[in-house]
Each structure stands twice: as C-alpha cells, then as structure tokens.
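Please read the structure below before turning to the comments.
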Amino acid sequence: MTVFLVGAGPGDPGLLTVRAAELVARAEVVVHDRLVDPSVVGIAPASAQRIDVGKRPGAPVDQEEINALLVRFGRLADPVVRLKGGDPFVFGRGGEEAEALTAAGVAYEVVPGVTSAIALPSSIGVPVTHRGLATSFTVVTGHSTPEGSGVDWEALARAGGTIVVLMGVAHRARIAGDLIAGGRISTTPVVAIERGATAAQRVVRTTLGELATTPLEPPATIVIGEVAGLSLSPRAPSS
Ligand code: SAH
C-alpha cells in the first residue's frame with residue numbers, strides 16, 4: 001500500500017506528467033486541494049472516493065487533519081493519490097505530509113509536478129530567465145502572518161533577477177512598495193496570470209508602480225522583472 005503525493009500541475013490536464021495521469025486513472029481514493037482543476041480530478045475512475053480538503057484563504061483546513069486522513073486511508077486503500085496543485089513540494093506543505101506518513105510507517109512516493117511558478121509564465125511567453133535580462137529567478141510566497149512574512153523583500157530587490165510571487169495577491173501593495181524601497185524601479189514590468197492553464201485564465205500586464213492599484217483575484221502567479229515585458233509565442237490553454 002502506497003500513498004502517492006502527486007503534483008497535478010497548474011490546471012490543464014495536458015500539463016500532468018504521464019505518471020500522474022496513470023496514478024489518478026487507477027486511484028481508489030483521491031484527496032485533493034481546491035487548486036486542483038476538476039478536469040484533473042475527473043480522470044479518476046467513477047468508483048474512486050474523492051475527498052476535497054480544499055483550503056480557502058482565511059479559513060485553512062487543519063494540516064494535522066489532512067495528515068491524519070492520509071495515514072488512515074493509506075492503511076485502507078491502494079492507491080491513495082494525494083493530488084496537489086503544481087509540484088507537491090513547492091509551497092504545498094507536501095513535505096509535512098511526507099513526514100507524517102513516515103512517522104506513521106505508511107509507505108509513500110512523491111510524483112513531481114509542473115509548478116505554476118515556472119509553467120504559467122512560460123505558457124504565456126514569459127521566460128523566467130532570458131539572456132541579457134535575467135540570470136536567476138526567485139520563487140517566493142507573498143503570504144504573511146501577523147508576525148510578518150519572513151521574506152526580506154528589499155534584499156530580494158537588490159539581488160536582481162526575476163521574482164515570481166505565489167499567494168501574493170492580497171499583499172501586492174506592500175510587496176511592490178518593499179521592492180521599490182529595495183531599489184527596483186517603478187516602471188519594472190509585471191505580469192500576473194490569474195487561474196492559469198484553465199479556461200478562465202486571465203493575463204494582466206502592469207508595472208511595479210501600478211501593481212497596488214491593479215485589480216487582481218487569487219489564485220494568481222505574479223512575475224516581476226524585465227522578462228515580464230516579453231511575450232514570446234503565447235499560446236492559449238487547451239482546457
Ligand atoms: N504547489 C503549487 C503552489 C502552491 S501555492 C505549485 O507548484 O504550483 C498556491 C499558489 O500558487 C497560488 O496562490 C498561486 O499564486 C499559485 N497558483 C497555483 N495554481 C495557479 C493557477 N492555476 N493560476 C495562477 N496561479 C496559480
């Protein structure tokens with residue numbers, strides 16, 4: 001019996017790995033997040049038990065409960081597929097689930113996924129690195145708690161390179177302000193991809209100076225840096 005911690009990619013089932021699609025297609029139990037597109041969950045057999053542990057901003061489902069659920073089902077069903085948006089180990093708390101399964105003696109396997117941090121910019125023709133424009137990229141969470149974000153935005157600004165912000169919509173005004181304080185100029189291009197790789201995808205192009213007042217809705221991936229001004233052979237999502 002094995003629990004598979006599977007990356008579901010950013011939306012479009014065409015961006016699943018072959019291994020992920022095979023596992024979902026024979027799952028007995030699918031435990032998925034809110035961000036996993038219904039078309040991906042729909043690959044599971046009709047007989048599969050589907051459990052939505054969707055986490056909504058502001059009302060998080062207790063991670064301990066999810067861990068306990070995976071341990072319980074991991075002993076009852078085979079295969080159990082824990083579907084997580086993008087890659088399971090990029091801000092997905094997949095590492096905590098892996099640790100909980102190890103502690104409980106339940107076997108698991110990690111199936112890497114296509115992360116939205118790179119794939120969404122790429123799919124709209126924005127390369128996260130580009131000769132002459134960016135020699136590095138940083139993927140950073142924009143989420144913060146009352147204690148702060150734990151991210152030194154001004155240092156990030158000084159480090160140069162492309163900045164890809166996940167979970168950053170709510171705090172975009174503060175993030176933009178900190179990056180400008182750190183030395184990024186306000187005309188720096190920014191592109192936000194809302195609901196990327198889904199039929200509802202919306203691409204919003206703006207600048208760092210205008211990010212605070214640009215209407216945006218989560219989930220969105222925000223790309224900040226000179227590369228965000230590029231648009232190399234964009235292609236519409238196929239789902
Ligand atoms: N493990 C995921 C990221 C989880 S954090 C991955 O590798 O992609 C969740 C954040 O990812 C969202 O708040 C948003 O910033 C980004 N994201 C995930 N799916 C997205 C999508 N379809 N469109 C835009 N942003 C997305």
Side-chain angles (χ1 to χ4, degrees), residues 4-17 19-20 31-42 52-61 63 66 81-98 110-126 128 137-145 149-151 162-176 190-206 211 214-225 228 234-239:
F4 294 88
L5 302 176
V6 178
D12 182 350
L15 296 178
L16 279 175
T17 63
R19 177 118 179 98
V31 181
H32 66 92
D33 287 336
R34 182 178 51 100
L35 278 179
V36 175
D37 202 75
S39 58
V40 173
V41 181
D52 181 355
V53 290
K55 298 176 187 176
R56 288 171 196 287
V61 172
Q63 184 65 46
I66 298 174
V81 173
R82 168 66 171 125
L83 263 183
K84 304 175 77 70
D87 181 272
F89 283 176
V90 176
F91 297 125
R93 303 192 71 174
E96 290 162 65
E97 294 173 9
V110 180
V111 180
V114 172
T115 181
S116 53
I118 301 171
L120 293 181
S122 181
S123 71
I124 62 151
V126 171
V128 290
F137 60 92
T138 304
V139 180
V140 59
T141 175
H143 182 75
S144 56
T145 60
S149 69
V151 175
T162 305
I163 300 172
V164 182
V165 187
L166 302 186
M167 299 176 281
V169 171
H171 299 291
R172 65 191 183 285
R174 185 184 44 72
I175 291 167
V190 174
V191 65
I193 306 126
E194 273 181 12
R195 304 191 175 284
T198 74
Q201 170 170 295
R202 195 171 80 100
V203 175
V204 181
R205 290 188 184 262
T206 183
L211 180 59
T214 302
L216 281 183
E217 276 182 33
T221 292
I222 303 172
V223 184
I224 301 166
R235 143 190 180 279
S238 63
S239 69

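Note that ligands are numbered from 1 as they come in the structure, with each ligand's atoms numbered from 1 the same way. We're numbering straight along the sequence, starting at 1.
Ligand 1 lies out of reach of Ala197, whose nearest heavy atom is not under 4.0 Å from it. Residue contact annotation: Gly11 has no non-hydrogen atom under 4.0 Å from ligand 1. Residue contacts with ligand 1 include Pro10, since one of its heavy atoms falls under 4.0 Å from the ligand.
Salt bridge Arg202/Glu217: absent, no basic N to carboxylate O contact under 4.0 Å.
For atom 20 (C) of ligand 1, the nearest protein heavy atom (residue, atom name, distance) is Leu120 CD1, 4.0 Å. For atom 23 (N) of ligand 1, the closest heavy atom belonging to the protein is Gly196 N, 2.7 Å. Of the protein's heavy atoms, Ser116 OG, 3.8 Å lies nearest to atom 11 (O) of ligand 1. With respect to atom 1 (N) of ligand 1, the closest heavy atom belonging to the protein is Val90 O, 2.6 Å. Closest to atom 10 (C) of ligand 1, if we only count protein heavy atoms, is Met167 CG, 3.8 Å. For atom 25 (N) of ligand 1, the nearest non-hydrogen atom of the protein is Thr221 OG1, 3.0 Å. The protein non-hydrogen atom at the shortest distance from atom 15 (O) of ligand 1 is Ala220 O, 2.6 Å. In terms of protein heavy-atom proximity, atom 2 (C) of ligand 1 is nearest to Gly85 O, 3.1 Å.
Put simply, the side chain of Leu166 reaches to within 4.5 Å of the side chain of Val139, judged on heavy atoms. By the 4.5 Å heavy-atom criterion applied to side chains, Val128 and Ser122 are not counted as neighbours. Taking the side chain as every heavy atom from C-beta outward, Ile124 and Gln201 approach each other to under 4.5 Å. Contact check for Val191 versus Pro121: no side-chain heavy atoms found under the 4.5 Å cut-off.
Each of the following atoms of ligand 1 lies closer than 4.0 Å to a heavy atom of Ile193: 24 (C). If you number the atoms of ligand 1 from 1 as listed, the ones under 4.0 Å from a heavy atom of Arg195 come out as 22 (N), 23 (N), 24 (C). Which parts of ligand 1 touch Phe91 is read off a 4.0 Å heavy-atom cut-off, strictly below it: atoms 4 (C), 5 (S). The atoms of ligand 1 that sit less than 4.0 Å from any heavy atom of Thr115 are 6 (C), 7 (O), 8 (O).
Here's the thing with Asp87: one of its N/O atoms is less than 3.5 angstrom from an N/O atom of ligand 1.
Rounded to the nearest 0.5 Å, atoms CZ (Phe91) and NE2 (His143) are 11.0 Å apart.
Under a 3.5 Å cut-off, the side chain of Asp33 and the backbone N or O of Leu35 do not form any donor-acceptor pair. For the pair Arg172 (side chain) and Thr214 (backbone), a donor-acceptor distance under 3.5 Å is present.
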